[in-house]
Trainee: 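Here it is, the structure, as structure tokens.
Numbering of residues begins at 1 and proceeds along the displayed sequence.
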Amino acid sequence: MTTGSIGTEGANESPGQRDPVAAAIRIARSEMNVNQAEFAAMIGVKQPTVAQLENGRRKPSLALAYRLAQVSGQALEVFVEEHYDQQIG
């Protein structure tokens with residue numbers, strides 16, 4: 001362990017980097033090779049909403065998770081936080 005690293009684990013990470021739903025949204029958009037504005041139009045929201053979803057500051061509603069699944073071709077569970085909670089607990 002290096003000196004000065006106590007309590008700094010993850011200090012440079014945004015909340016979305018540890019959030020599996022946020023990561024899934026980022027990855028889905030990236031794999032589709034579209035920017036946030038284009039992705040937002042595809043799922044029926046505005047670009048700031050996509051940014052909030054991707055950085056973990058906002059969780060998708062069930063309806064939005066469904067649209068994310070439809071647009072990305074992923075399973076609905078990928079975009080539902082409770083799915084990950086059940087895997088841990």
Side-chain angles (χ1 to χ4, degrees):
M1 178 157 53
T2 60
T3 306
S5 65
I6 298 172
T8 60
E9 182 179 326
N12 294 329
E13 293 180 6
S14 71
Q17 290 177 318
R18 290 188 165 188
D19 181 340
V21 175
I25 294 168
R26 246 188 340 272
I27 291 166
R29 181 180 62 80
S30 175
E31 288 177 349
M32 295 174 69
N33 203 26
V34 295
N35 64 37
Q36 287 183 344
E38 293 167 329
F39 193 63
M42 297 168 86
I43 60 173
V45 299
K46 295 185 180 191
Q47 180 276 329
T49 300
V50 172
Q52 291 171 345
L53 291 164
E54 288 187 358
N55 67 29
R57 291 188 191 141
R58 181 175 181 168
K59 300 292 181 200
S61 65
L62 187 54
L64 182 53
Y66 182 75
R67 289 194 307 271
L68 287 162
Q70 284 185 311
V71 166
S72 69
Q74 301 279 340
L76 174 64
E77 292 82 13
V78 171
F79 304 107
V80 178
E81 186 173 27
E82 287 77 15
H83 168 73
Y84 297 98
D85 291 343
Q86 289 177 2
Q87 287 183 347
I88 293 170

Trainee: For the residue pair Gly56 and Ala22, what are the closest heavy atoms and their distance?
Mentor: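 So the two residues come closest at N-CB, 3.8 Å.
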Trainee: Distance from Met32 atom CE to Glu38 atom CD, nearest 0.5 Å?
Mentor: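 Rounded to the nearest 0.5 Å, the CE-CD separation comes to 9.5 Å.
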Trainee: Mind listing the closest non-hydrogen atom pair of Phe79 and Ala65 along with its distance?
Mentor: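 Looking at all heavy atoms of both residues, the closest pair is O-CB, 3.7 Å.
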Trainee: Output the distance between atom OG (Ser72) and atom CD1 (Ile27), rounded to the nearest 0.5 Å.
Mentor: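 Atom-to-atom, Ser72:OG and Ile27:CD1 are 11.0 Å apart.
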Trainee: Going from NZ on Lys59 to CG on Asp19, what distance comes out if it is rounded to the nearest 0.5 angstrom?
Mentor: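 These two atoms lie 3.0 Å from each other.
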Trainee: CG/Asn35 to CZ/Arg29 distance, rounded to the nearest 0.5 angstrom?
Mentor: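 CZ of Arg29 is found 7.0 Å from CG of Asn35.
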Trainee: Got a second to check how far Gln36's CD is from Ile25's CD1, nearest 0.5 Å?
Mentor: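 Answer for the CD-CD1 pair, Gln36 versus Ile25, is 11.0 Å.
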Trainee: Compare every heavy atom of Leu53 with every heavy atom of Pro60, then report the nearest pair and how far apart it is.
Mentor: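 It is N-CD2, 3.6 Å.
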Trainee: What's the shortest heavy-atom distance between Val78 and Ala24, and which atoms?
Mentor: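 So the two residues come closest at CG1-CB, 3.3 Å.
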Trainee: Rounded to the nearest 0.5 Å, how far apart are CG of Leu64 and OG1 of Thr49?
Mentor: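 So the gap between those two atoms works out to 8.0 Å.
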Trainee: Looking only at heavy atoms, which two atoms of Val21 and Val80 are closest? And how far apart?
Mentor: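 That would be CG2-C, 4.0 Å.
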Trainee: Between the main-chain N or O of Glu54 and the side-chain N or O of Arg26, is there a donor-acceptor pair closer than 3.5 Å?
Mentor: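 A pair under 3.5 Å: yes.
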